[in-house]
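Here the structure is a predicted model, which means the values were calculated and not measured. Atom set for the values below is all heavy atoms of this structure, side chains included, hydrogens, waters and symmetry mates excluded.
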Amino acid sequence: MTDLIDRTVDHVSAPAVCPPKDSESRADATIVEFRNVSKSYDGKHLAVANLNCAVRKGEFLTFLGPSGSGKTTSLMMLAGFEAPLSGEILLNGRNIVHMPPHRRNMGVVFQNYALFPHMNVAENIAFPLRARSASAADIKVRLEHVLRLVRLSGMETRRPSELSGGQQQRVALARALVFSPDVILMDEPLGALDRQLRERLQIEIKHIQRELNLTVVYVTHDQAEALTMSDRVAVFNNGEVQQIASGRELYDEPCNAFVAQFVGESNRLSGVVSEIGGDRCAVRTDGGRIIHARLVGDATLGSRAVVCFRPERVALGPHQDDRQNVFEVQVEEFVYHGDHSRLSMRLGSDGLLFTRLPNALGNPGAAAGDMITLGWRADDCRAFAGSSSHSSFPDARRLGTDL
């Protein structure tokens with residue numbers, strides 16, 4: 001079975017990823033690199049397929065994706081807790097695939113904290129230093145510094161059971177920082193915290209990363225968290241990286257329909273390409289409407305496409321002179337979200353569209369059942385060629401006899 005997997009992996013094509021900018025591919029800036037890394041747990045499915053990704057020194061890179069997309073498996077292979085099926089993982093230019101975890105000089109922060117309950121705060125944080133036979137003087141200096149950094153000074157003698165969730169996570173972070181690792185790995189470290197605390201710690205972790213020029217590889221399924229903290233984000237789906245880019249680029253220039261849908265919210269309409277002109281196209285929706293959009297990917301007349309546009313790009317009202325896409329829709333419902341309301345509207349058989357309206361502007365004067373006009377510009381709309389309404393979350397890749 002292993003030989004069959006090895007032969008099959010050779011024929012798995014790499015996913016379409018937006019090419020990196022020149023500054024992103026400089027070898028002298030790279031500290032971690034995945035080269036054609038694949039992983040299977042059962043010999044039939046690839047949990048990770050041909051991962052190619054470089055992490056620059058001092059960068060905060062996030063692996064983002066839904067459950068089962070391969071992001072945590074990739075992190076565990078980097079940490080040394082999982083072995084790849086094929087490929088290389090380089091640290092400072094050296095292949096570490098066969099290197100045990102304790103020799104990789106990486107700090108790891110887990111979602112469940114993984115603190116020793118019988119040790120106090122100081123003992124938990126100092127554990128990596130004692131394992132490395134550091135001197136008592138060195139431990140004292142490093143411990144004092146990292147306690148100030150994570151704002152836990154004065155709590156050295158407390159046990160984990162005497163700390164809040166946020167404080168326990170600070171201890172876990174301090175333990176990962178105290179021995180000056182080459183890379184910090186974080187596997188959904190804030191997932192167990194409430195929203196306000198999670199958002200506060202996101203900012204604190206980012207400030208620490210910038211202050212110390214840390215290299216961080218972070219895993220999350222929360223796209224808002226990824227956009228808040230990261231220099232770049234690698235979006236995973238079905239074991240493949242779909243796109244690696246800054247948060248702004250992922251949001252404004254997604255390279256396929258999955259990224260457009262997963263990073264932020266998007267309205268989606270399916271249809272066929274009816275006209276092509278340069279980087280522009282027209283798509284005839286399944287409901288018979290013509291949508292003008294920017295074309296992403298190769299397309300031919302008659303090929304399937306998914307059209308995506310952000311809800312904040314939708315304008316309401318009869319004055320739509322600067323909009324190439326203008327339609328009558330029926331209001332379905334308003335949902336109040338505090339600072340804004342979500343307005344759902346039905347575009348006939350093409351389904352629901354939605355927009356977000358700042359509540360500070362007041363009620364738009366439309367009620368459920370009313371017919372209103374909306375529009376959006378072609379420049380704010382992407383047509384992803386070769387996509388369909390069923391292709392944004394494809395089934396897991398199958399290998400061997402299931403190929």
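- To the nearest 0.5 Å, atom CD1 of residue Ile205 and atom CG of residue Leu190 are 4.5 Å apart.
- The side-chain heavy atoms of Gln330 and Leu347, taken from C-beta on, include no pair separated by under 4.5 Å.
- Of the residues listed (Asp187, Val48, Thr220), the one engaging Thr72 in a side-chain contact (heavy atoms from CB on, under 4.5 Å) is Asp187, and it is the only one.
- One finds no salt bridge joining Glu123 and Arg130 here, because no Lys/Arg side-chain nitrogen approaches an Asp/Glu carboxylate oxygen to under 4.0 Å.
- A side-chain contact (heavy atoms from CB on, under 4.5 Å) with Leu64 is found for exactly one of Glu225, Lys71, Gln223, namely Gln223.
- Screening residues 274-283 for salt bridge (charged side-chain N to carboxylate O under 4.0 Å, His left out), with sequence neighbours left out, gives Arg280-Asp379.
- Between Arg346 and Glu328 there is no salt bridge, since no side-chain nitrogen of the basic residue lies less than 4.0 Å from a carboxylate oxygen of the acidic one.
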For this session: Could you please spell out the steps behind the side-chain hydrogen bond (donor to acceptor under 3.5 Å, both in side chains) verdict for Gln242 and Asn256?
Result: CA-CA 8 Å; Gln242 306 296 306; Asn256 60 37; 3.1 Å; yes

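- No salt bridge links Asp380 with Arg310; every basic N to acidic carboxylate O contact stays at or beyond 4.0 Å.
- Residues Thr285 and Val307 have side chains not in contact (no heavy-atom distance under 4.5 Å, counting atoms from C-beta outward).
- Salt-bridge check for Arg151 with Glu204: passed, with a basic side-chain N closer than 4.0 Å to an acidic carboxylate O.
- Aromatic pair Phe116/Phe127: centroids less than 6.0 angstrom apart.
- One finds a salt bridge joining Arg142 and Asp138 here, because a Lys/Arg side-chain nitrogen approaches an Asp/Glu carboxylate oxygen to under 4.0 Å.
- Sorted by first and then second residue, the pairs that involve residues 79-94 and meet salt bridge (charged side-chain N to carboxylate O under 4.0 Å, His left out), not counting sequence neighbours, are Arg35-Glu88, Lys39-Glu82.
- Salt-bridge check for Asp231 with Arg210: failed, with every basic side-chain N at 4.0 Å or more from each acidic carboxylate O.
- Residue Val109 is tested with Met186, Arg175, Glu188 for a side-chain contact (heavy atoms from CB on, under 4.5 Å); the sole match is Met186.
- A salt bridge links Glu253 and Arg294; the closest N-O separation between the charged side-chain nitrogens and carboxylate oxygens is under 4.0 Å.
- Both tests do not hold together for Arg382 against Phe309: distance to the six-membered ring centre under 6.0 Å, angle to the ring axis within 45°.
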